[in-house]
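Atoms considered below: every heavy atom in the structure, side chains included; atoms not considered: hydrogens, waters and symmetry mates. Just so we're on the same page: letters track the sequence lines, and every chain starts at 1.
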Amino acid sequence: MLNKALLQRRLLAWYRRHQRDLPWRRTRDPYAIWVSEIMLQQTQVATAIPYYERFLRRFPHVRALARAPMERVLKSWEGLGYYSRARNLRRAAQIVLAEHGGRLPEEPEALRKLPGIGRYTAGAISSIAFDRDEPVLDGNVIRVLCRVFLIRANPKSARTQKRLWKLAEELLPAGHASFFNQALMDLGATICMPSHPHCDRCPLRQAPIRCRGKACLAPTSMPAEAVPHGRGAACCALAVPRGPIGSPGGLCRAFAKGMQEKLPLRVARKAIPHYDVAVGIIRKGGKILIDRRKPEGLLGGLWEFPGGKKQGGESLEECLVREVREELGVRVRVLRPLARVRHAYSHFRVTLHPFDCGWVSGRPRAIACAEWRWVAPRQLGRFAFPAANRRILACIGAVPEMRGKRI
DNA sequence: AATCCGGGGTA
DNA sequence: TACCCAGGATT
């Protein structure tokens with residue numbers, strides 16, 4: 001191991017000055033920190049912030065969430081994606097209320113028994129909310145460690161994962177896991193970024209050196225990180241390092257070799273499929289027919305316009321008639337195309353083709369869905385729709401707050 | 001070990 | 001466009 005104590009000092013000193021001001025860092029409430037960690041799974045900080053604020057207003061504590069109807073929780077999650085997170089979070093809140101008296105357990109092993117909490121989230125809650133010395137390993141930490149320790153193996157392989165977790169654990173400064181973990185993640189998010197990392201501002205690049213200026217009052221015994229910066233004081237505290245790259249004092253092996261942009265190793269991903277999906281805006285007596293997806297699986301529990309994937313050899317119109325019949329047992333007439341909405345999921349892409357439709361015959365039955373409803377256009381905004389469906393709502397002008405927005 | 005699960009930001 | 005993001009659950 002490189003100079004562990006130096007790395008810890010540098011990182012913690014950098015964090016004290018440069019940490020991000022985030023809403024979940026203004027609280028010590030384990031529930032709030034828990035909510036933030038779930039929202040931040042595969043989700044960028046800036047995206048999660050407004051959801052976090054609103055969610056905590058609506059469900060301020062475990063009991064409120066445990067007792068809330070699933071519909072309301074999903075509506076709060078609408079647009080954030082990975083909707084099983086919302087289901088798991090609510091279910092876990094019910095377990096915490098029933099089995100832990102409404103308080104989150106502190107140990108990672110107990111936290112991991114809750115749905116939606118894996119190794120990362122357990123470590124994050126345990127260290128950040130309860131100040132326990134537990135490591136975390138997320139995308140940011142993986143990147144920082146692969147660079148600092150010049151790990152050229154596939155970071156997703158089980159072998160490398162094991163090695164990275166061990167590193168994350170060994171590096172922890174006793175009693176400071178909360179700040180240290182968050183410092184690693186902040187460094188990865190703001191300095192040690194995937195491409196074009198800001199190595200010139202990295203606290204691990206090289207030791208700050210003392211200047212030889214006569215005005216510098218920094219005693220040689222003082223650690224450079226602890227020296228205040230300023231004219232007539234210890235002006236060298238943050239002096240630009242000199243000397244060749246990778247000279248003694250540099251803590252990043254990738255930077256020393258100029259390999260920081262090549263790590264962590266990227267593994268080629270498989271080509272992702274594309275689907276054309278026909279959806280019907282089915283009107284009858286001024287109302288529109290929507291259905292709710294089954295509670296599990298893709299977009300589970302969310303509402304949508306009836307429709308489905310086009311098969312080879314059929315037209316979009318034929319597809320729509322077939323899908324509505326299979327899903328709801330309703331016969332419709334396809335009137336006119338409305339728009340084209342392209343949307344990318346993590347593992348496939350779709351083009352949605354919404355059509356204006358007229359109801360012909362048949363009372364809807366929940367054949368391949370959880371339930372259905374005829375809804376006045378103005379009421380559509382009350383239901384939780386996936387993001388791609390929201391854009392269809394916008395193009396039929398059903399949701400006032402979305403009128404005029406880009407589609 | 002591989003696959004599934006959304007949506008948005010960014011260059 | 002392709003990659004990435006404070007990952008977890010399932011198979």
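Screening A:Tyr51, A:Phe385, A:Phe55 for a ring-ring contact (aromatic ring centres under 6.0 Å, His included) involving A:Trp77 leaves a single residue, A:Phe55.
With both ends at atom P, the span from C:dT11 to B:dG6 equals 15 Å, rounded to whole Å.
Residue A:Tyr83 places no side-chain N or O under 4.0 Å from the OP1 or OP2 atom of B:dC5. Listed pair A:His347 / B:dC4 fails the phosphate criterion, with no side-chain N or O lying under 4.0 Å from OP1 or OP2. Here A:Thr121 reaches the OP1 or OP2 of C:dG8: one of its side-chain N or O atoms lies under 4.0 Å away. For A:His196 and B:dA11, the shortest distance from a side-chain N or O to OP1 or OP2 is not below 4.0 Å. The shortest distance between the side-chain N/O atoms of A:Gln42 and the OP1/OP2 oxygens of C:dG7 is below 4.0 Å.
Under the 4.0 Å criterion applied to side-chain N and carboxylate O atoms, A:Lys310 and A:Glu314 are not assigned as salt-bridge partners.
In this structure, A:Gly81 and A:Ala158 both approach DNA chain B, and ranking their closest nucleotides by distance from the 5' end singles out A:Ala158. Each of A:Arg159 and A:Phe348 was matched to the nucleotide of DNA chain B holding its nearest heavy atom; the match closer to the 5' end belongs to A:Arg159.
Judged by distance alone with a 3.5 Å cut-off, no donor-acceptor contact links the side chain of A:Arg85 to the base of C:dA9. Counting distance only, with no hydrogens placed and no angle test, the side-chain atoms of A:Tyr82 and the base atoms of B:dG6 include a donor-acceptor pair under 3.5 Å. At a cut-off of 3.5 angstrom, the base of B:dG7 holds no donor-acceptor pair with the side chain of A:Thr43. If you check distances only, the side chain of A:Ser346 does reach the base of B:dG6 with a donor-acceptor pair under 3.5 Å.
Open room surrounds CD on A:Glu169; 12 or fewer heavy atoms of other groups in view lie less than 6.0 Å from it.
Between A:His347 and A:Tyr345, the angle of the ring planes goes over 60°, which puts this pair in the perpendicular group of the 30/60° scheme.
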